[in-house]
Amino acid sequence: MAIFVDHNTRVLVQGLTGEQGRFHAARMKEYGTHVVAGVTPGKGGRQVDGTPVFDSVEDAISATDANVSLIFVPAPFASDAILEAAAAGIPLIICVTEGVPVHDMARIFTHLDSVRMHSTLIGPNCPGIISPGKSNVGIIPGSVAGPGRVGLVSRSGTLTYQIMDELTSMGIGQSTTVGIGGDPIVGTGFIDCLDRFEDDPETDIVVLIGEIGGEDEERAARFIADEMTKPVVAYIAGFTAPPGKRMGHAGAIVSGSRGTAAAKMQALEEAGVRVGRNPSEVAGLVAALSAN
Amino acid sequence: MAIFVDHNTRVLVQGLTGEQGRFHAARMKEYGTHVVAGVTPGKGGRQVDGTPVFDSVEDAISATDANVSLIFVPAPFASDAILEAAAAGIPLIICVTEGVPVHDMARIFTHLDSVRMHSTLIGPNCPGIISPGKSNVGIIPGSVAGPGRVGLVSRSGTLTYQIMDELTSMGIGQSTTVGIGGDPIVGTGFIDCLDRFEDDPETDIVVLIGEIGGEDEERAARFIADEMTKPVVAYIAGFTAPPGKRMGHAGAIVSGSRGTAAAKMQALEEAGVRVGRNPSEVAGLVAALSAN
Amino acid sequence: MDLLEHQGKELFRRWGLLVPEGRVAHTPKQASEAARALGPTVAVKAQVRIGGRGKAGGVKIVHDPEEAEAVAGAMLGLTIKGHPVRRVLVEAGVGITSESYLSILLDRTTRSHLIIASARGGMDIEAVAEDEPEAITRVHVDPLLGLQTFQVNRVLAGLGIPAASRKAAAAAVRNLYRLYVEADATLVEVNPLIVTDGGEVMALDSKVSLDDSAVFRHPEMSGYAPDEGVGSQEEAAAKHGLSTFLKLEGEVGIIGNGAGLVMSTLDLVDQVGGRAANFLDVGGGADAKVLSNALQLILADGRAKSVLVNIFGGITRCDLVAEGVVDALGAVEVTVPVVVRLAGTNADAGRRILSEARHPMLVPVGSMVEAAEKAVEATR
Amino acid sequence: MDLLEHQGKELFRRWGLLVPEGRVAHTPKQASEAARALGPTVAVKAQVRIGGRGKAGGVKIVHDPEEAEAVAGAMLGLTIKGHPVRRVLVEAGVGITSESYLSILLDRTTRSHLIIASARGGMDIEAVAEDEPEAITRVHVDPLLGLQTFQVNRVLAGLGIPAASRKAAAAAVRNLYRLYVEADATLVEVNPLIVTDGGEVMALDSKVSLDDSAVFRHPEMSGYAPDEGVGSQEEAAAKHGLSTFLKLEGEVGIIGNGAGLVMSTLDLVDQVGGRAANFLDVGGGADAKVLSNALQLILADGRAKSVLVNIFGGITRCDLVAEGVVDALGAVEVTVPVVVRLAGTNADAGRRILSEARHPMLVPVGSMVEAAEKAVEATR
């Protein structure tokens, strides 16, 4: 099973003809991911490393039965790319692009919320999703992942690779790692991912990697307390971040007294979540749970 | 049971202080409908015939637990009134107002389609809903209705009264009559009403009263064929309407070869619906079915 | 409200679409003057609110002012499918390298906006849709989200615009969508949308329908409403606030309350072998004055060989309706039967008023079917 | 991007909100000239990107140009919560009859826009929300639907605007919302929004944050970006494309790849008893040049008593990172320990490069925890 992506995943890459798109598509194929199409308006008919390019998502789906769209197009065009993929009815859209304006995302989020729309959006500004040994859609280095029964969901990139790497080197594999992205508004939040992991028979333990800003971790904590039976281990980055300063990610900012790491950790611990103080501690907590 | 409105219906009237609102609220109360509040911005604190008036729908709901909003405000303000009622989360909104711009309705329809919105809109340009003996919300004259087990759903007003009157005078009462309205875009179409009648244990037979324009009757026919077990009798007005001419209702217009009464009748008959050629024939068909 | 070609093009211009230079002429003389200013080669086009004028001789290309004057003279005498030609549009000729079809309309089924594009310009699009469905591109636009770039790209592909004119065509598509939304149109059609020999993208024809319900937002557009001419029945109806009046071809005058009921009455008249002379809905809550005006309007026209008044009283009170009928019968000379059927609120009182009037032309009846039969019978 | 008060007011004016007449002064002399033009009574207000300047002496009312000059002179020497005052805004005095609070911000929880209104103007709104929650009105606006009339009415009720100024206040609310959307703001705050003694509705202060990601749509607004002064560390970072650089108060210089990992590194340094001197994310796929620049930037500042380089190679290659580190160590004199932890892609090759460099200040370590400990230890 795993969640979101697996052996049946057929990826089209919006922006395949760009430098980033081409580079990561090649890495994904190397990993064994089925990359079946690229889309760049006006460049239909070409090929990139053997993958056919189409003018539109609609054309690409008709020709290749792609069921996931991975977006690498530059920020000014990313909103249009997301809306095109959604209009074409593709079930899963993963947007890696960083720097999508937040007003665009507010509109897109509201639009995708319509009952007529049937697409799940991951990101933007996210590293993508990997189900180790099955499919790798995005920029997560496959080398840090190993197949197993721990699910990860995270707002960040390299920090997640760090934790995956520690787990893998301890012999603890992962069912799926989902990078939901570091922007103030992302298409899919922690809760939806936790819900899927809870329902996934191939996941035993879930790791949530949060950071300062917003209150998604607090809401996730309530969800865990109310709805989850599987153990959850968490990590929160940004305890030392000063208020009002954006810590790299557009969404990682403490506003006044809101969005602090301390508040998030407290909420999670009150929900029964074990919170590690650094990546190694997180790995250790997961290892202890796995041993049971 | 009945559908949409019954003994538990508590009506607030948006535009109660206007001439129309006041007149029809009085008639509704006379019928026994619970009219609990009025809303007119800037006129909060007044009373109209003993009914308290509030500045906003939110205030009115807090104070009176109203669960249906009936809208009589003039067309330029009707869209705002609908959106206010929906934002306040009222489950059922009935808009009597005629002349709401169709672009406004396209936007409102899309908005109400969001999974975050929980309101059903009937109308605009509709006569409302009556569940005889229980509740009368709108402008349908209570005198033509009698309680019973026939459900009616219609795009028109007086034509429906005519058919109700013929049924009632033959001793055939109604569970609920829903006037969905005569505009090109209405909040709730035939199918949703048919679905509710199908599920309503107090309804045995359904009468569908359509007219030229659009293809809602054709879609209703498919729904009847696929989903309904209860017998349906139909009537279509406008066989003699010339193409391109608007027959009173903004939605009653044959465009090219589309939206003709003949096509609608054929679709309904192919779905097993008995179609009467005039109101009396419709009443006769229902009587025959009732006798079985 | 359907606009004339030149009115639609006024809107096109206002929203940044290119159209040929042109002038409206009400007389042959004005047409020749326009041809002198815009020519030598100009198009003379009859301005009527109906399609198919080309086949009916409503569009001519001429090469000098004298020819323009002669052609306009002939055209201004024409009646195309019942629509008299009261003005012509004289337009400068343009060199065409390609013709496409572009329209935006309200799609009732999906409750959204629909853009239709085709490279088969200048043809009957319904016929193209029938014969070559793959030659038609359909793009639905979400009313809240609005037109997106990827959709413009789809439309451009459908239009088959040459690469050099893509940018201009994209602007035309965006401008047309803005017009459609901002002017509260229910249809905007450009057939053909051309690429000129200079690479410009231009609307050679226009068909625009505006939402009557939204005129309050566009008071400046109320001037586009059809001007049916002084003294016409439509003008009289409008003057009496009877806005849902429609002239038809038959001989039975029809008055009723409620659009559905009136349509149903027309159908019944047809079923028993007659034809309606008009559609007239007096609306909800009509009083004696409204009824009297409505009846006098139908009687004054002289085409009706009988009149059918069909009222189902809800808010409308049948006693007031009856008073209105009697008032009208007293006010004008009545030479045709007036069949009146009253039901609902105060119907008994109404029927009493009618029978007490004892007017020889007044025919009170009990049911809709009987009303239709009596009214049609009287026309024979 | 947080704007200064006068920049926010520039936007207010552009979007039709009233603000007092005012001039920016960079010198006491300019302030006295402004006071002469706008006075006699003017407000002199320090322009800093931080709240609470009033209590810090950053806002003064003065009554003649000489006083203005003196006050501005004192103010231009101030540093308010670490923000040096580089300019003041001199504004004409206005008569106030009421003060309200109005703001619009992105509500991350509902993914929609949130308008906050209160009749308690001129106060700390978080304190009002705490003490008198019923004095705060919150209205969520759907991002696709936009601001509706009923919502404006709710906001006006919350603002407590007197009836005579309702229309002006409604326009102010609508204009502020337009600004918020059209300028891609994430926060617009007016505290206080006043009614003047003439009944006008005016923004007496402004707080505006724009979305950095949307600057490509508003190139004219890029000039609002903080000008940290020539020769500053921020300027140097920006010059090298290291845009996610943030100066902090501590003594351990931090370089890492990925925002989460860098935050995590800062936290670890804190956990083992140190404090970070900066936040510096070199981003994805950094090469030797980027790393060398980043390291030289931190070393040049002189505040760091040690530097911690923490790289998890994904797209980033650790061998290139190591080359960059070695390059920087060769390019400048290094007097503080540089602790380097490499993991992921090509980490072994990277570690080999480091050890072969045999630089006395270079401290290769195996884990993040060890890295933090070594780096903090070195600062003692």
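Every chain is numbered from 1, with letters handed out A, B, ... down the list of sequences.
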*Do NZ/NE/NH1/NH2 and the carboxylate oxygens of D104(B) and R217(C) come within less than 4.0 Å?*
yes

*Do you see a donor-acceptor pair shorter than 3.5 Å between the side chains of D267(C) and T240(B)?*
yes

*asked:* Under a 4.5 Å cutoff for heavy-atom pairs, which residue among H113(C), R108(C), M368(C), E126(C) has the most contacts with chain B?
replied: R108(C)

_Residue L248(C) versus chain B: region with a heavy atom under 4.5 Å_ = side chain

*Between the main-chain N or O of R277(B) and the side-chain N or O of Q271(C), is there a donor-acceptor pair closer than 3.5 Å?*
yes

*Hey, does the side chain of S264(C) reach the backbone of A237(B) with a donor-acceptor pair shorter than 3.5 angstrom?*
no

_Region of P101(B) that comes under 4.5 Å of a non-hydrogen atom in chain C_ = both

*asked:* Looking at V102(B), is its backbone amide N or carbonyl O close enough to the side chain of D211(C) to form a donor-acceptor pair, meaning the two atoms are under 3.5 Å apart?
replied: yes

*For chain B, find which of D270(C), L106(C), D2(C) contributes the most heavy-atom pairs closer than 4.5 angstrom.*
L106(C)

*Most heavy-atom pairs under 4.5 angstrom with chain C, which of E215(B), R107(B), H24(B), E166(B)?*
R107(B)

_Options V181(C), T109(C), L266(C), ranked by heavy-atom pairs under 4.5 Å with chain B, top entry_ = T109(C)

*asked:* To the nearest 0.5 Å, what is the distance between CG on L268(C) and CZ on F239(B)?
replied: 11.5 Å

_Short side-chain to backbone donor-acceptor contact, H249(B) and G260(C), under 3.5 Å_ = no

*asked:* Tell me whether R246(B) is salt-bridged to D212(C), with the criterion being a basic N under 4.0 Å from an acidic carboxylate O.
replied: yes

*Do D107(C) and R258(B) meet the salt-bridge criterion of a basic N to acidic O distance under 4.0 Å?*
no

*State the NE2-OG1 distance between H103(B) and T186(C), to the nearest 0.5 angstrom.*
7.0 Å

*Side chain from CB out, backbone as N, CA, C, O: work out which of these in A372(C) comes under 4.5 Å of a heavy atom of chain B, or both, or neither.*
neither

*chain B contact via F216(C) - which portion, at a heavy-atom distance below 4.5 Å*: side chain

